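Bear in mind that the values here come from a model prediction, so they are computed numbers and not experimental data.
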Amino acid sequence: MSGHSKWSTIKRQKGANDAKRGAIFTKLSREIIQAAKQGGGDPGMNFKLRLAIQRAKSQNMPNDNIERAVAKGTGGAADEQLDEIQYEGYGPGGTAIIVAALTDNRNRTVAEVRHQFSRAGGNLGENGSVAWQFEAKGLITIPTNGKDGDDLALQAIDAGAEDVDVGVGMVEVKTEPSNLEPVRKALESSGLEIENADFAMVPKVTVELDTKAAHQVLRLIEGLEDLEDVQRVYSNADFSDEAIESYPG
């Protein structure tokens with residue numbers, strides 16, 4: 001399992017305090033509003049909205065909040081003019097990082113993102129500077145829940161997965177973007193629990209880091225993810241189990 005996915009999974013399992021959960025709900029609401037604006041309010045007909053709602057539910061976002069966000073998106077939400085922007089840069093150890101943002105103020109967002117890179121000893125790059133090191137994929141994580149990871153991997157391959165990584169307590173399934181929903185449905189119909197299903201930028205090659213550099217990159221990723229306008233952060237860092245377990249954050 002790729003290092004960043006391991007870290008994301010561990011963070012979800014640890015949960016978040018109330019302050020961070022409020023910020024998470026704000027991000028999720030924005031994502032739902034944007035998806036509803038672009039493709040309509042019916043999740044059965046709007047795959048992007050369906051994914052956003054699934055993400056919200058996985059974070060225990062109340063149904064009332066979800067419904068309000070959908071209504072705001074389909075109602076026009078003139079006060080919520082959001083732009084989707086992708087930033088690229090380099091972090092400690094030469095790691096490549098992509099930041100996906102949804103913002104109502106481009107100047108504020110780029111300043112905040114640049115500040116996080118600078119304080120971590122990295123630098124924000126031009127568009128295209130690191131994107132070539134990643135490829136768009138569908139990414140599904142399945143908790144093993146005591147089941148044999150290799151057996152789950154075979155089920156995922158039978159369901160149409162492109163690639164599968166078996167980790168401790170978790171199986172990570174990669175698909176072509178267009179196959180994300182069919183594979184997810186096939187896995188669910190076979191009785192498997194899906195922890196998360198989403199589109200992602202997956203690194204073609206990962207960079208191994210020593211513990212010090214790994215902690216610096218994790219601190220940068222956390223700083224970026226804490227920004228209100230940032231929806232996703234992707235990196236090509238390969239975090240060892242030891243680095244993750246010893247990270248003080």
Side-chain angles (χ1 to χ4, degrees), residues 1-16 24 27-28 31-32 34-35 39 43-61 66 84 86 97-100 102 131 133-206 221 225 230-239 241 244:
M1 180 180 271
S2 64
H4 195 177
S5 295
K6 280 190 292 189
W7 174 240
S8 298
T9 297
I10 288 170
K11 281 205 303 179
R12 282 197 298 272
Q13 291 170 345
K14 285 182 177 179
I24 290 169
K27 292 173 187 272
L28 293 167
E31 189 173 353
I32 292 169
Q34 187 77 343
M45 301 294 292
N46 183 346
F47 180 47
K48 191 173 181 180
L49 176 61
R50 188 156 70 250
L51 279 180
I53 291 174
Q54 287 167 1
R55 272 175 51 78
K57 288 183 174 180
S58 74
Q59 293 287 348
N60 298 315
M61 186 172 172
I66 294 172
E84 296 180 43
Q86 181 170 289
I97 295 175
I98 292 179
V99 181
L102 195 55
Q133 300 182 55
F134 296 78
E135 52 190 345
K137 294 292 179 185
L139 208 58
I140 302 170
T141 48
I142 307 169
T144 54
N145 292 332
K147 297 178 181 176
D148 184 87
D150 290 332
D151 288 342
L152 295 179
L154 289 174
Q155 283 184 257
I157 291 170
D158 288 341
E162 179 184 65
D163 192 20
V164 183
D165 290 324
V166 179
V168 178
M170 191 68 57
V171 174
E172 181 182 82
V173 178
K174 295 187 185 75
T175 74
E176 286 299 322
S178 59
N179 285 339
L180 175 60
E181 181 66 353
V183 172
R184 184 193 68 79
K185 280 185 175 179
L187 292 170
E188 280 193 337
S189 66
S190 64
L192 297 182
E193 176 189 344
I194 304 298
E195 180 181 89
N196 191 54
D198 204 352
F199 296 111
M201 296 299 291
V202 177
K204 297 174 184 177
V205 180
T206 57
I221 290 172
E225 289 180 337
V230 171
Q231 297 294 116
R232 310 277 196 286
V233 180
Y234 308 108
S235 83
N236 66 349
D238 184 3
F239 303 121
D241 292 336
I244 290 176

For the pair Asn236 and Val205, evaluate side-chain contact (heavy atoms from CB on, under 4.5 Å) and give the outcome as yes or no after the intermediate values. CA-CA 7 Å; Asn236 66 349; Val205 180; over 6 Å; no
Atom of [X], atom of [Y] and distance for their closest heavy-atom approach:
| X | Y | answer |
| --- | --- | --- |
| Thr144 | Met170 | CG2-N, 3.7 Å |
| Gly138 | Leu180 | CA-CD1, 4.0 Å |
| Ala52 | Ile32 | CB-CG1, 3.9 Å |
| Tyr234 | Phe199 | OH-O, 3.5 Å |
| Leu187 | Ala156 | CD2-CA, 3.7 Å |
| Ser235 | Pro203 | O-CG, 3.7 Å |

Between Val230 and Lys27, is there a side-chain heavy-atom distance shorter than 4.5 Å?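 A side-chain contact under 4.5 Å exists here.
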Residue pair Glu176 / Lys137, side-chain heavy-atom distance below 4.5 Å: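 SC-SC contact between Glu176 and Lys137 confirmed.
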Value rounded to 0.5 Å, distance of [atom1] in [X] from [atom2] in [Y]:
| X | Y | atom1 | atom2 | answer |
| --- | --- | --- | --- | --- |
| Leu51 | Arg184 | CG | CZ | 7.5 Å |
| Asp163 | Lys174 | CG | NZ | 5.0 Å |
| Gln59 | Leu28 | CD | CG | 6.0 Å |
| Glu162 | Ile157 | CD | CD1 | 11.0 Å |
| Leu139 | Thr175 | CG | OG1 | 8.0 Å |
| Glu195 | Thr141 | CD | OG1 | 4.5 Å |

Applying side-chain contact (heavy atoms from CB on, under 4.5 Å) to Gln54 and Ile194, what does each step give before you reach the verdict? CA-CA 10 Å; Gln54 287 167 1; Ile194 304 298; over 6 Å; no
Given Glu181, Glu84, Glu31, the one that forms salt bridge (charged side-chain N to carboxylate O under 4.0 Å, His left out) with Lys48: Glu84
Side chain to side chain contact (heavy atoms under 4.5 Å, CB included) partner of Ile98, chosen from Arg232, Gln133, Gln86: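 Single pass found, and it is Gln86.
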